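Each remark here refers to the structure printed beneath this line.
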Protein chains: 2
Amino acid sequence: MKDEKKRGRPRGFDARAALDKARDVFWDRGFSAASLDNLSAATNLNRPSLYGAFGDKEALYLEALEAYRQDGMEVLKQALDPSLPLRDNLARVYAGALAIYLHGEIAARGCLLISTASVEAVEHERVREVLGRSLNDFDGEIEKRMRIAAESGELAESADPLTLARLASAVMHSLAVRARAGDSRETLEAIARSGVELICGSTHV
Amino acid sequence: MKDEKKRGRPRGFDARAALDKARDVFWDRGFSAASLDNLSAATNLNRPSLYGAFGDKEALYLEALEAYRQDGMEVLKQALDPSLPLRDNLARVYAGALAIYLHGEIAARGCLLISTASVEAVEHERVREVLGRSLNDFDGEIEKRMRIAAESGELAESADPLTLARLASAVMHSLAVRARAGDSRETLEAIARSGVELICGSTHV
DNA sequence: GTCATTTTATGCGAAACAGTACAAATGTCC
DNA sequence: GGACATTTGTACTGTTTCGCATAAAATGAC
């Protein structure tokens with residue numbers, strides 16, 4: 001993007017790597033319980049460097065959320081490859097989600113947005129807005145695939161793509177919550193399978 | 001329960017009312033962002049009274065979670081009255097859930113367990129345990145109703161009560177998250193309706 | 001080489017935080 | 001009425017918090 005070398009002392013760290021480390025801290029502890037000391041230790045950056053690169057704690061959190069959202073959208077789009085059957089698409093979506101949700105050093109971390117942005121959403125309007133937009137974007141991406149399925153005959157014409165997409169998302173939301181609540185991988189995979197079955201099976205009439 | 005008057009100065013407040021006020025603070029801000037000053041102001045209790053009645057902030061939070069869990073189970077049990085059709089039962093469950101989730105002074109608060117206990121669940125083992133147990137209890141209560149429906153012929157015999165119960169819960173989890181993310185009542189009610197339809201409609205074969 | 005510009009390191013400071021000590025208040029028990 | 005037990009109000013302590021001030025380090029421009 002920008003290879004133009006700026007004047008002054010060059011940055012001694014990779015901003016994206018630091019953002020990922022900060023994201024992990026927020027993911028484990030949430031926004032409020034994550035201190036700048038935690039963030040500083042995890043990123044190996046002292047506070048002035050953090051402030052210089054990202055602004056204050058709130059800006060850093062919002063940037064971490066945004067990066068997470070974009071990564072998630074990428075995973076989702078790849079899983080929804082329309083050259084594969086809808087059933088496989090949904091299975092891939094859930095498998096991809098579980099791979100993310102079940103990761104974690106202490107315990108499964110679930111979804112960064114659902115499990116940490118939700119708390120702040122009441123008092124913190126910008127977080128609520130990011131969370132709402134993210135959920136809608138996910139719905140929209142699945143809806144696009146559902147629309148294709150309805151047109152190609154994979155789904156009954158009577159099926160409503162938006163409704164089915166929201167229900168497909170609902171299963172994913174539940175997986176996120178249950179993962180963080182400590183449910184086993186086996187349980188979560190069973191829920192994912194039955195979700196695929198219910199959504200893809202029911203609309204064949 | 002205990003009408004035996006204890007010696008010493010009697011308590012000048014209703015512990016349950018105070019617990020409800022504290023619960024509301026936790027509900028809006030989450031555990032970490034809720035300060036003892038917030039809790040003290042909301043309950044009209046000074047800190048020593050709070051500590052005397054509930055213990056430290058963590059114990060107060062756990063007690064609020066437990067009370068919320070019991071209240072929710074009560075609402076759920078009443079909604080699942082087996083003398084009504086399963087369809088009506090699920091609709092009542094979701095209506096009851098939305099009545100709780102959409103309440104809030106600043107913005108919709110969603111579910112106390114899903115939206116505030118989730119954050120703490122990674123680092124705080126006892127919270128994770130309460131959250132997991134609560135979700136399972138909810139599943140179990142719905143599963144009981146599904147089992148009745150399967151035996152009475154309301155559902156196809158091939159339907160698996162546990163699986164259907166988990167999917168019914170999944171819709172509820174999604175409603176909780178989406179409410180806190182700012183989705184409109186209309187949207188949430190539409191999702192609830194389609195959830196009922198999918199779960200009750202698909203298994204009639 | 002010297003200056004300008006940006007990043008890094010140390011550490012400060014004011015505010016918020018959780019939890020408690022202490023004494024005054026208010027009741028029961030004998 | 002007096003001893004005892006518990007709650008309540010005020011104020012405190014030590015810690016943690018965030019954000020920044022200041023100065024040293026490292027580079028480009030000239």
Side-chain angles (χ1 to χ4, degrees), chain A residues 1-19 21-26 28-65 116 119-120 123-124 126-127, chain B residues 1-19 21-26 28-65 116 119-120 123-124 126-127:
Chain A
M1 193 81 77
K2 289 177 185 174
D3 281 351
E4 340 152 2
K5 292 192 179 179
K6 286 174 289 185
R7 308 213 309 179
R9 179 171 174 174
R11 193 167 270 173
F13 60 94
D14 175 16
R16 173 63 204 213
L19 185 61
K21 290 289 189 185
R23 177 206 59 195
D24 286 348
V25 172
F26 286 129
D28 277 342
R29 310 174 90 101
F31 171 75
S32 297
S35 72
L36 280 179
D37 282 340
N38 298 147
L39 295 163
S40 183
T43 55
N44 275 318
L45 296 179
N46 39 34
R47 289 218 205 85
S49 293
L50 274 176
Y51 277 84
F54 305 104
D56 65 4
K57 186 176 144 183
E58 172 186 326
L60 174 57
Y61 180 61
L62 287 169
E63 197 158 334
L65 284 185
T116 79
V119 210
E120 315 298 329
E123 303 263 337
H124 201 141
R126 288 203 51 194
V127 173
Chain B
M1 193 82 78
K2 289 176 185 175
D3 280 351
E4 341 151 359
K5 293 191 177 177
K6 286 174 290 185
R7 306 214 312 178
R9 179 170 173 174
R11 194 167 271 174
F13 60 94
D14 175 16
R16 174 62 204 214
L19 185 61
K21 289 289 188 185
R23 176 207 59 195
D24 287 348
V25 173
F26 286 129
D28 277 341
R29 311 174 89 99
F31 171 76
S32 298
S35 72
L36 280 179
D37 283 339
N38 298 147
L39 295 164
S40 183
T43 56
N44 276 317
L45 296 179
N46 39 33
R47 289 223 207 47
S49 293
L50 276 176
Y51 277 84
F54 305 103
D56 65 5
K57 185 176 144 183
E58 172 186 324
L60 174 56
Y61 180 63
L62 287 169
E63 197 158 336
L65 283 186
T116 78
V119 210
E120 314 299 329
E123 303 264 337
H124 200 141
R126 288 203 51 192
V127 173

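Keep in mind that what you see is a predicted model, and the values were worked out from it rather than measured. Scope of the values below: all heavy atoms of this structure, side chains included, with no hydrogens, waters or symmetry mates. Throughout, protein chains are lettered first and strands after them, A, B, ... in sequence-line order, and every chain is numbered starting at 1.
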Revision key, fill the gap. To the nearest angstrom, the CZ-P distance between B:F13 and C:dT26 comes to 16 Å
**Study point:** Distance in Å, B:F54 CZ paired with B:L39 CG, rounded so as to fall on 0.5 Å steps
**Key:** 10.0 Å
Tabulate protein N/O versus nucleotide N/O from nucleotides 23-26 of chain D, keeping only pairs under 3.5 Å, one per line.
from   : atom 1 : to   : atom 2 : distance (Å)
D:dA25 : N3     : A:R9 : NH1    : 3.3
D:dA26 : O4'    : A:R9 : NE     : 3.4

Check your understanding: Will you find, in the side chains of B:S40 and B:D37, an N or O donor that is under 3.5 Å from an N or O acceptor?
Key -> no
Practice item. Would you indicate what B:A34 reaches in the nucleic acid, counting non-hydrogen atoms under 4.0 angstrom: base, sugar-phosphate, or nothing? Key: sugar-phosphate
Check your understanding: In degrees, rounded to 10°, what is the bend between the two ends of the helix from C:dG1-D:dC30 to C:dC30-D:dG1, using five pairs at each?
Key -> 10°
Review point. Between C:dA18, D:dC18, C:dT7, which nucleotide gets closest to the side-chain atoms of B:K57?
Key: C:dA18
Review point. Between C:dT6 atom C1' and A:R11 atom CZ, what is the distance in whole Å?
Key: 10 Å
Exercise for review: Answer yes or no: does a side-chain N or O of A:S49 lie under 4.0 Å from OP1 or OP2 of C:dT7?
Suggested key: no
**Study point:** CG-NE2 distance between A:L62 and A:H124, expressed to the nearest 0.5 angstrom
**Key:** 5.5 Å
Point to revise | Rounded distance in Å - CG (B:L36) to C1' (C:dC17) | key: 8 Å
**Study point:** Phosphate OP1/OP2 of D:dA29 contacted by A:R7 side-chain N/O (<4.0 Å)
**Key:** no
**Study point:** Spacing between A:R29 atom CZ and D:dT17 atom C1', to the nearest angstrom
**Key:** 13 Å
Revision key, fill the gap. Between CG of B:N38 and C1' of C:dA16 the distance, given in whole Å, is 11 Å
Review point. Is B:N44 close to B:F13 at the side-chain level, that is, under 4.5 Å between some pair of heavy atoms?
Key: no
Practice item. For A:G12 and for B:D56, find the nucleotide of DNA chain C with the closest heavy atom, then tell me which residue's nucleotide is more 5'. Key: A:G12
Check your understanding: A:F31 versus A:V127: any side-chain heavy-atom pair under 4.5 Å?
Key -> no
Practice item. Could you check which residues of residues 39-48 of chain A get a heavy atom under 4.0 Å from DNA chain D? Sort them by number, please. Key: A:R47, A:P48
Practice item. Please round to the nearest 0.5 Å and tell me the distance separating atom CG of A:D28 and atom CD of B:E120. Key: 12.0 Å
Review point. What's the CG-P distance between B:L50 and D:dT10, to the nearest Å?
Key: 15 Å
Practice item. Starting at atom CZ of B:F54, determine the distance to atom C1' of D:dT7, rounded to an integer number of angstrom. Key: 14 Å
Point to revise | Donor-acceptor contact present, side-chain B:D24 to main-chain B:K21, <3.5 Å | key: no
Practice item. Please name the pair of heavy atoms, one in B:N38 and one in B:A33, separated by the smallest distance, quoted to 0.1 Å. Key: OD1-O, 3.7 Å
Practice item. To the nearest 0.5 Å, tell me how far A:L50 CG sits from A:L60 CG. Key: 6.5 Å
Exercise for review: For side chain to side chain contact (heavy atoms under 4.5 Å, CB included), just list the numbers for A:L36 and A:Y51, CA-CA rounded to whole Å, side-chain angles, deciding distance to a tenth of an Å, and then say yes or no.
Suggested key: CA-CA 10 Å; A:L36 280 179; A:Y51 277 84; 3.0 Å; yes
Review point. Between atom CZ of B:R126 and atom OH of B:Y61, what is the distance when rounded to the nearest 0.5 Å?
Key: 12.5 Å
Review point. When rounded to the nearest 0.5 angstrom, what distance separates CZ in A:R29 from OG in B:S32?
Key: 9.0 Å
**Study point:** Separation of atom CG in B:L60 from atom C1' in C:dA18, rounded to whole Å
**Key:** 13 Å
